[in-house]
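Here is the structure we will look at.
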Amino acid sequence: MNNDTKDKIPSNGNFSAKQDNQGSKLNKPSNTLNKGFNPNQVKDNAQKKLIKEGAKTAANAYFGPAGGAAVEKLSNTKLGQKALDSANNVAKKSSPFNFFGKNKKEDDVTGSGDKEVKNGTKLLLFTGLGGIGCAGCFTVIILIIIIAIIISPLLYIKEFIGSVTGAISSFGEKLGNFLTFRGWCSDAECDEKEKNNFYKFIEAADIYYKDQYSVSLNTTLITATLTYSSPFTTDAEDDNDLDEDSNLDNIASSNYIDFKKSQQKVLLLANNMISKCCYKNGEEYLDSNGNHMCSSLGLLNFSGVKYSCPSDHEEKYKVDLEHYEKYLKYVFIRQYYYDNKYSDEVDKKVEETVREIFSRAAFVDELETPKQYGKVYATCPGVTVVDANGKLIGTYDLETYVAGVITGEAWAGQNIEAYKAQAIAARTLVLKETNNCSTSIESSDSKQVFNPDIADYATEAANATAGLVLIYNDELITAFYDSYCYNDTSCVYGEEDGKRYVEYTKVPNNEKHRVYLSEKYYYMIGGGHGLGMSQVASYEMADNGSSYEEILGYFYSEGVEIANMNTVSGMFSFSIAPPQNLSELLERSKQYKDMGIVMIAGQQFDMSQIYDYDHPYLGQCVWYARGRMLEMIYYSNMDDATKITALNAIASTSANGEGWFDHQNLSIFQKSTDNTQPMPGAFVSWSGGSDVCDPRCGHVAVVESVDYENHTITISEGWNSKGAGGTATWDYVNMSVNTYTFESIKNYTDGSRYSFNGYVYVLGKGE
């Protein structure tokens with residue numbers, strides 16, 4: 001035990017270092033580190049071999065050579081292996097016929113993972129085998145023989161009749177599961193049934209605690225605890241095979257999950273999540289030192305403060321996540337994940353496991369609400385890329401450049417979430433390195449490799465994360481990343497538990513942590529510097545279900561956030577990029593419809609007006625421009641009083657495209673008829689166009705960004721593919737983001753159809 005472990009584990013209050021409330025003993029501390037040779041494994045294998053040979057001998061004696069051959073054939077199947085394992089387990093426990101004496105448990109760092117819940121019902125592999133000595137062993141051998149005689153014809157048929165292979169395999173699985181009390185089901189069917197029962201049990205537990213204690217469990221956190229696995233684990237442990245759909249609906253996990261055992265632990269965790277506390281006038285009663293005075297249903301007191309509720313106070317139950325976290329740290333994780341082992345390494349792993357569980361639960365909770373990233377000032381009129389000699393390669397808009405970096409830096413064929421993480425890191429790095437694109441950036445390994453032959457997956461990742469950057473204390477970070485810094489003199493690296501690791505440094509606060517990598521990804525390793533994100537490790541995380549938010553959160557310092565770029569736009573700025581495609585436009589329409597009424601400066605505003613899902617002018621240019629501008633205003637840095645005024649002015653305006661320049665409702669905004677004076681966050685209006693309207697319908701769009709150096713303007717616009725009088729259905733909705741020169745914006749398509757009216761500076765004209 002390390003020197004500070006005593007301080008970490010409470011020794012006062014009701015907590016006992018000998019026994020928890022479930023009666024499971026806690027092992028004494030041990031620093032024994034078992035590496036390499038495992039004598040128990042050697043014994044176990046030898047024992048299995050003896051039982052197998054015994055079964056063959058018995059089968060030969062009773063049934064002749066055919067019986068022995070059948071046992072040999074069956075022992076190489078999953079069904080036979082299950083029976084042999086059962087016999088082996090009985091042999092190890094039986095007395096006096098114990099081949100190797102007592103099965104002494106060795107101390108190690110990681111332990112065997114899971115243990116039986118001590119107060120739960122233990123599953124017996126075969127009825128009546130517990131505690132029957134060597135008779136149980138022979139019973140299992142005879143059972144193997146009987147099964148072999150029954151099944152062996154099917155096994156031989158399987159070799160000759162390929163069409164029945166699936167049926168035989170399914171029968172074997174179902175029989176094996178039936179004999180182990182899982183039910184008559186295939187492995188996949190049993191797994192699915194147990195997974196569903198697990199989630200149903202959590203729901204039922206939540207209902208029970210609501211009825212009994214008037215509290216709602218944090219079911220996400222309980223689920224995260226019981227389905228925890230390392231983000232860098234790709235291989236199932238033991239002999240369990242992963243299903244193709246092994247990732248859970250809510251929690252990213254790649255390890256085999258025993259949902260049947262996990263269900264037994266739900267109430268154990270729930271009890272340690274609920275505490276009884278004292279309240280008066282709705283506030284919790286604390287002691288003179290400001291400590292909580294609560295009594296957990298789990299009966300473990302980690303605070304050392306004695307529960308005492310004054311007579312004039314009310315006793316109420318609450319969800320106590322502080323107690324839950326300590327219970328995980330001091331008892332549950334150490335017991336069920338690390339077999340009550342004690343060492344510096346185990347202490348570190350326990351701490352990391354608890355942090356990871358809470359982090360994953362928080363991520364799942366965030367998924368249930370729309371992502372509302374913060375914002376930071378950052379702009380990029382264009383990225384100028386040069387080669388190692390300073391020769392110009394070209395100037396590209398920001399998202400094209402980001403896509404080119406993904407193409408140049410990342411391995412093809414990876415999970416899109418890893419590419420998204422790469423996109424955000426690359427975008428942040430170029431903005432930081434070039435001071436908002438005011439200088440050029442070199443295409444090289446020392447900066448970022450840019451490939452102008454852009455791949456589709458790279459464009460998808462760049463567009464999906466358009467405008468997202470990494471910030472710390474409201475400033476862009478230098479978002480370093482590399483391949484995987486193994487076998488590189490720049491880094492500290494090694495091997496542990498069959499995996500390679502590198503000591504990576506998080507930025508910007510320089511925290512050290514080990515990043516592990518499975519053998520599957522070794523061929524991608526390209527070295528590096530060990531700062532920030534490992535690209536190859538991010539591929540493994542993404543393959544195991546981690547999102548780009550989780551990946552970035554793992555590799556960069558605590559406190560680093562994802563934020564939207566603020567585009568400079570006169571007096572005010574906005575922090576949300578336009579929809580990238582029709583799918584995203586539809587998704588935003590539904591999102592705002594669900595948001596409904598919000599309060600701004602004491603006034604109600606109906607968010608469903610943004611990209612109104614059921615509007616009679618659905619898809620028309622006025623419908624899109626109106627919705628986009630409302631969205632810009634809502635996500636702008638206007639004070640609430642100004643914001644609600646601007647929102648109401650836009651929402652109450654009804655006009656054709658040409659009318660969005662001189663409408664009286666828009667008189668509160670500055671305007672200009674000079675086509676060389678665009679500002680982001682402005683309407684741009686034209687007259688002319690279709691003669692369906694009287695006067696002609698004109699056109700209106702929204703200014704997204706301006707490149708004053710190159711005299712270009714980027715606008716987003718919408719239209720109905722059936723024309724100005726087109727049917728208002730989503731089948732005919734269209735939108736795009738396009739860049740024009742100041743001169744071409746004056747004429748738009750051609751001078752004979754459209755004529756420039758001017759800009760309406762909704763977010764201000766500035767200086």
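Along the sequence shown, residues are numbered consecutively beginning with 1. On a predicted model such as this, the values are computed, not experimentally measured, just so you know.
Using a 30° and 60° split on the angle between ring planes, H711 and F742 fall in the perpendicular class, above 60°. In this pair, W623 and W730 present their aromatic rings perpendicular. The plane angle is above 60°, beyond the 30 to 60° band. Using the six-membered ring where Trp is involved, Y592 and Y635 have ring planes that are tilted, between 30° and 60° apart. Ring pair F450/Y401 is parallel by interplanar angle, where below 30° counts as parallel and above 60° as perpendicular.
E631 and Y611 are linked by a side-chain donor-acceptor pair at a separation below 3.5 angstrom, with hydrogens and angles left out of the test. Side chains of E345 and S343: no donor on one and acceptor on the other come within 3.5 Å. A donor and an acceptor atom, one from each side chain of Y624 and S716, are located under 3.5 Å apart. There is a side-chain donor-acceptor pair under 3.5 Å between T739 and T714. T741 and S744 are linked by a side-chain donor-acceptor pair at a separation below 3.5 angstrom, with hydrogens and angles left out of the test. Side-chain polar atoms of S438 and N436 form no donor-acceptor pair below 3.5 angstrom. Residues Y338 and T353 bring a donor and an acceptor atom of their side chains to less than 3.5 Å of each other. Defined by atom type and a distance below 3.5 Å, a donor-acceptor pair is missing between the side-chain atoms of Q422 and S538.
Between the Y522 side chain and the R500 main chain, a donor and an acceptor come within less than 3.5 Å of each other. Side chain of Y484 to backbone of V515: a donor-acceptor contact under 3.5 angstrom is found. Side-chain atoms of T428 come within 3.5 Å of backbone atoms of I424 as a donor-acceptor pair (strictly under, hydrogens ignored). Looking only at distances, no side-chain donor or acceptor of E584 sits under 3.5 Å from a matching main-chain atom of N581. No side-chain donor-acceptor contact under 3.5 Å links K432 to the backbone of I477. Although no hydrogens or angles enter the test, the distance criterion places no donor-acceptor pair under 3.5 Å between the side chain of S736 and the main chain of N738. The backbone N or O of L221 lies less than 3.5 Å from a partner atom in the side chain of N218, making a donor-acceptor pair. Remark: the backbone N or O of N734 is not paired with any side-chain donor or acceptor of N720 at under 3.5 angstrom. The backbone N or O of L431 lies less than 3.5 Å from no partner atom in the side chain of E433, so there is not a single donor-acceptor pair. In this structure, the side chain of E189 engages the main chain of S186 through a donor-acceptor pair within 3.5 Å.
For Y740, the side chain to side chain donor-acceptor pair (under 3.5 Å) partners at least two apart in sequence or on another chain are E717. Residues satisfying the ring pair (Phe, Tyr, Trp, His ring centres under 6.0 Å) test with Y481, not counting sequence neighbours, are none. The ring pair (Phe, Tyr, Trp, His ring centres under 6.0 Å) check on Y419 picks up Y457, with sequence neighbours excluded. Not counting sequence neighbours, C621 has no partner by the disulfide (SG to SG under 2.5 Å) test.
Here the side chains of R588 and L585 are not in contact, with every heavy-atom distance at 4.5 Å or above. F332 has its side chain within reach of T225: a pair of non-hydrogen atoms, C-beta onward, lies under 4.5 Å apart. Between F555 and V507, every side-chain heavy-atom pair lies at or beyond the 4.5 Å cut-off. Taking the side chain as every heavy atom from C-beta outward, V383 and D397 never approach each other to under 4.5 Å. K593 has its side chain within reach of Y613: a pair of non-hydrogen atoms, C-beta onward, lies under 4.5 Å apart. The side-chain heavy atoms of T478 and P508, taken from C-beta on, include no pair separated by under 4.5 Å. Between V536 and E540 the shortest side-chain heavy-atom distance does not fall below 4.5 Å. Using a 4.5 Å heavy-atom cutoff, the side chains of L531 and D482 are not in contact.
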(request) Assess whether salt bridge (Lys or Arg N to Asp or Glu O under 4.0 Å) is satisfied between K349 and D497, documenting all intermediate values. (result) CA-CA 13 Å; K349 289 186 175 182; D497 297 335; 3.3 Å; yes
(message) Assess the residue pair E460 and K420 against the criterion (salt bridge (Lys or Arg N to Asp or Glu O under 4.0 Å)); give the C-alpha distance rounded to whole Å, side-chain angles, the decisive distance to 0.1 Å, and a yes or no.
(response) CA-CA 9 Å; E460 180 185 354; K420 289 178 183 178; over 6 Å; no
(request) Check step by step if salt bridge (Lys or Arg N to Asp or Glu O under 4.0 Å) holds for E351 and K348. (result) CA-CA 5 Å; E351 295 272 1; K348 179 181 178 181; over 6 Å; no
(request) Might you work through the salt bridge (Lys or Arg N to Asp or Glu O under 4.0 Å) test for R628 and E704, ending with a clear yes or no? (result) CA-CA 10 Å; R628 174 60 181 151; E704 298 289 343; 2.8 Å; yes
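To the nearest 0.5 Å, atoms CD (Q414) and CE (M524) are separated by 4.0 Å.
Atom CG of D445 has 12 or fewer heavy atoms from other residues, nucleotides or ligands within 6.0 Å. Residue D456 qualifies as open at atom CG: its count of foreign heavy atoms under 6.0 Å is 12 or below.
The minimum heavy-atom distance between L429 and A479, with the atom names listed, is CD1-N, 3.9 Å. What you find for D488 and G527 is that their closest heavy atoms are OD2-CA, 3.9 Å. Of all non-hydrogen atoms in G526 and S483, the two that sit nearest each other are N-OG, 2.8 Å.
A salt bridge (Lys or Arg N to Asp or Glu O under 4.0 Å) with R514 holds for exactly one of E496, E352, E495; it is E496. Considering R334, K329, K341 as possible partners of D347, the one that fulfils the salt bridge (Lys or Arg N to Asp or Glu O under 4.0 Å) test is R334.
Aromatic pair F198/F259: centroids less than 6.0 angstrom apart. Side-chain rings of Y521 and Y539 stay apart, their centers remaining 6.0 Å or farther from each other.
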What pairs of donor and acceptor atoms, side-chain ones from residues 462-473 against any protein atom, are under 3.5 angstrom apart with sequence neighbours left out?
residue	atom	partner	partner atom	Å
N463	ND2	T459	O	3.4
T465	OG1	R427	NH2	3.2
T465	OG1	A461	O	3.0
Y472	OH	N509	ND2	3.0

Show me the donor-acceptor pairs within less than 3.5 Å that the side chains of residues 403-413 make with the rest of the protein, sequence neighbours left out.
residue	atom	partner	partner atom	Å
T407	OG1	A403	O	2.9
T407	OG1	A455	N	3.1
E409	OE2	V449	N	2.9

